[in-house]
2 protein chains.
Amino acid sequence: MDHTDTRESLLDAAESLFSEHGIQAASLRQITQMAGANLAAVNYHFGSKEGLVRAVFVRRLGPVNEERLRLLEQCDLKAADALEQVLTAFLRPVLRMLNEAPGGLHGFGRLMGRAFSEPSEDVRKMVFEEFRENIERYLQAFRTLLPHLSEPELMWRFHFVAGAMSHTIGCGYTLERFAEGKCHAKDPKEALEQLVAFLSAGMRGSSRAQVN
Amino acid sequence: MDHTDTRESLLDAAESLFSEHGIQAASLRQITQMAGANLAAVNYHFGSKEGLVRAVFVRRLGPVNEERLRLLEQCDLKAADALEQVLTAFLRPVLRMLNEAPGGLHGFGRLMGRAFSEPSEDVRKMVFEEFRENIERYLQAFRTLLPHLSEPELMWRFHFVAGAMSHTIGCGYTLERFAEGKCHAKDPKEALEQLVAFLSAGMRGSSRAQVN
DNA sequence: GTCTATATAGCGATAGAC
DNA sequence: GTCTATCGCTATATAGAC
């Protein structure tokens, strides 16, 4: 079998099994069996299980984060709906990727939803680094659009944006379960519309709520 | 050692190690060693590792969810800040519990943040069931307060509320990392204020954002 | 109720033939 | 680049003495 074919088969199988069972629980034996490859192939191509994990994330997140930066540059920050434009630029690439990737929300989506809270320090660090440039550039855009927000408020609100996105991606099945057909968590257009409506209002909210 | 002491020690150790290493990766050997108990004690007291996992979640979530229902009943749904009151009733019990539990955000918080996206179907089902009554009662309150929202909009927005909460609880370290001291993710008062300000604005947002 | 000892099984990684 | 075979280790679970 060709070098590239085996590599890709291993990535496909790993993504699928990491998503379904978790990174820790998916064994190299299962992965290589599903990929139709030999057990030793993982260490040959990726050095270790850790290397395979990294490659699985980078393959999907690399293009998404590049597209995010491209779309952000195309936003008109002077427009009345600039906030909606920026949020859409942030959210659409990942929703599109999940819609196109095999397995979608039930594949890489579930894995992605767990990425930030993975027990493994190495995995979390890697995913965070993959997002660092996006975070800085988008924070700067929000700072420009919402100059009345204090710096901590800005950080918190971007954190909540990430939370809503992450939850939508990783826990869509929860919404489906209690919505009983009223919502379509797997429809990227519906998800994007609902996310942008909610998050733009949240970002624009007045600085302080009364909490007793 | 007394029956209750061993049981509680096992729950404490399990909570701590599940939080740090993940449910799958924390072994009964580590847990029983930390608890000062014998390896066989887990199977004696909880039947299996699965039974121990369930007991760890129920011990913390039971009281939180009861308090949520109690606080919801005390909300004045006719007040101008009714939405803020309801959101506070939903969020405060879990933030208080995390502040008081040993380890706080780095203990049960991290475990809690992963609960909805756990690979194990059994764990997810159990956690979801633990929340079912809360979800139904709070959805009803939001339905009353925001009658202009369509049913799917209501579901989506409650989903986003859960996402922001879950992310705040489980991924506080992410906020701390990129905020570089400007936010205090572990301060329950600050977290609650920021959450309520953002989420109440999001819930009140107009129905449809323009998405091109 | 708690202990030791062990049965049974799976894991990641690697050496070395082809 | 792919294979077989195996090393060294850890896991959950349980049987049976105390």
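Naming: A, B, ... by sequence-line order, numbering from 1 per chain. Computed from a predicted model, the values in this text were never measured in an experiment.
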Expressed in angstrom and rounded to an integer, what is the separation of [X] atom [atom1] from [N] atom [atom2]?
X	N	atom1	atom2	value
B/H45	C/dG1	NE2	C1'	7 Å
B/D5	C/dG1	CG	C1'	13 Å
A/Q30	C/dA9	CD	C1'	14 Å
B/Y44	C/dG1	OH	C1'	5 Å
A/L52	C/dC11	CG	P	15 Å
B/Q33	C/dC3	CD	C1'	16 Å

Residues A/R60 and A/E130 bridged, charged N to O under 4.0 Å
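A/E130 and A/R60: not salt-bridged.
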Under-4.0 Å salt bridge between A/E129 and A/K125:
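Looking at A/K125 together with A/E129, the answer is no, because their closest N to O distance does not fall below 4.0 Å.
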May I ask you to check whether A/F142 and A/F158 place their ring centres under 6.0 Å from each other?
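Ring-ring flag for A/F158/A/F142: true, centres closer than 6.0 Å.
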Less than 6.0 angstrom from the centroid, inside 45 degrees of the normal: does A/R68 satisfy that with respect to the ring of A/Y138?
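No - A/R68 does not lie over the ring of A/Y138 by the 6.0 Å and 45° rule.
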It should be established whether B/T6 places a side-chain nitrogen or oxygen under 4.0 Å from OP1 or OP2 of nucleotide C/dT2.
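Yes.
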Would you call the rings of A/W156 and A/F160 parallel, tilted or perpendicular, where under 30° means parallel and over 60° means perpendicular?
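Ring orientation of A/W156 relative to A/F160: tilted.
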For A/S150 and A/E153, what are the C-alpha separation, side-chain angles and deciding distance, and is it a side-chain hydrogen bond (donor to acceptor under 3.5 Å, both in side chains)?
CA-CA 5 Å; A/S150 71; A/E153 278 168 341; 3.3 Å; yes
When every nucleotide of nucleotides 12-18 of chain C is labelled 5' to 3' by its protein contacts under 4.0 Å (heavy atoms), B for base, S for sugar-phosphate only, - for none, what sequence of letters results?
BBB----
